[in-house]
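Keep in mind that this is a model prediction, so the values were computed, not measured. Atoms within a ligand are numbered from 1 in the order they appear, just like the ligands themselves.
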Amino acid sequence: MIAIKTNHLCKSYKNCDAVKNLNLEIQDGELYSLLGVNGAGKTTTIKMLSCLTQPTQGCATIYGFDLIKDAQNIKQIINVSPQETAIAPMLSVKENLEFICEIYGFCQNQAQQKTVEIMKDLQLSQIANQRAGTLSGGWQRRLSIAMALISEPKILFLDEPTLGLDVIARRELWDFIKKLKQKMTIILTTHYLEEAENLSDHIGIMNQGQFIISGSVKELLKQANTDNFEDAFIQLSHQEALL
Ligand SMILES: Nc1ncnc2c1ncn2[C@@H]1O[C@H](COP(=O)(O)OP(=O)(O)OP(=O)(O)O)[C@@H](O)[C@H]1O
């Protein structure tokens, strides 16, 4: 089953074409990473696919829903854990989660039950009553992902989920993301190549708004004729589009 299909999707701003002619196909249940140097168009792509900004040209479907016409349906089956964490710093971990439950219309009982469940899943129970603003960066990211999971999305967008985390916190979050795989489709952007290499089923490389290539790690290594993923990324991201 296809989760996301885009057809010549474009986003232009006054002075720049942020995304040009994006043709992308992502299967249900896979973890797909978008890679590219600064300004390549990754965040703009995520913003379009999560209905935060409208494309200027082209079209796309998300689980069969039209990106423009069916945006309301799409918003009900996706969620985003943005680059900047979306937590309320003065609320406790538990209160942050209950707050999101309320936004989604859970009654008090359901909200409490869901909060307990999700804290257990993400090992947040021990810090349930700690103010979110006093958590370390890693735990804030974990809470931010927990908040995005409350609505049980079919697609979870993770924009640079481990940015700024130490190596231990990053590995812990990788383990957690691996556990989420299969349960939902995950679209991830990252600058950490080993992260993409470790977690992804497929990877797309963008440069200057263009989609250069898409494939598994093995396929990208083969295409670049190397066994080093960083070398493959550098080589492929400076190539003309291969799609
Ligand atoms: N609101 C906006 N108005 C004008 N230009 C924008 C806007 N948002 C993004 N851009 C431009 O679009 C291009 C792509 O930006 P985008 O944020 O999608 O890149 P990115 O791959 O996510 O980069 P990074 O890795 O640095 O986060 C950049 O040249 C950026 O300056």
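- Among protein heavy atoms, the minimum distance from atom 12 (O) of ligand 1 is reached at A18 CB, 3.2 Å.
- Side-chain atoms of Y13 and T56 include no donor-acceptor pair closer than 3.5 Å.
- The protein non-hydrogen atom at the shortest distance from atom 18 (O) of ligand 1 is T44 OG1, 2.5 Å.
- For atom 9 (C) of ligand 1, a protein heavy-atom neighbour is found at a distance under 4.0 Å.
- Of the protein's non-hydrogen atoms, the one nearest atom 7 (C) of ligand 1 is Y13 CE1, 3.3 Å.
- Remark: ligand 1 atoms within the under-4.0 Å shell around heavy atoms of A40 are 19 (O), 20 (P), 21 (O).
- Nearest to atom 29 (O) of ligand 1 among the protein's heavy atoms is C16 SG, 3.9 Å.
- If you check which protein heavy atom lies closest to atom 14 (C) of ligand 1, you get G39 O, 3.4 Å.
- Donor-acceptor pairing under 3.5 Å is recorded for the side chains of D28 and Y63.
- The existence of a salt bridge linking E152 and K114 is confirmed by a sub-4.0 Å separation between a basic side-chain nitrogen and an acidic carboxylate oxygen.
- Between D66 and T61, the side chains place no donor N or O within less than 3.5 Å of an acceptor N or O (distance only, hydrogens not considered).
- Looking at H191 against ligand 1, only its side chain comes within 4.0 Å, counting heavy atoms.
- Side-chain contact annotation: Q140 with S136, donor-acceptor N/O pair under 3.5 Å absent.
- When each atom of ligand 1 is checked for a heavy atom of N38 under 4.0 Å away, the hits are 23 (O), 24 (P), 25 (O), 26 (O).
- For the residue pair N207 and S237, no side-chain donor N or O sits within less than 3.5 Å of a side-chain acceptor on the partner.
- Residue contacts with ligand 1: G41 is included, with a non-hydrogen atom under 4.0 Å away.
- Within the listing of ligand 1, atoms 17 (O), 18 (O), 20 (P), 22 (O), 27 (O) sit less than 4.0 angstrom from a heavy atom of T43.
- Under a 4.0 Å N-O distance rule, the pair K42/E160 does not qualify as a salt bridge.
- Using modelled atom types, one finds no donor on one side chain facing an acceptor on the other under 3.5 Å when comparing N129 with S92.
- Distances from atom 31 (O) of ligand 1 to the protein include no heavy-atom value under 4.0 Å.
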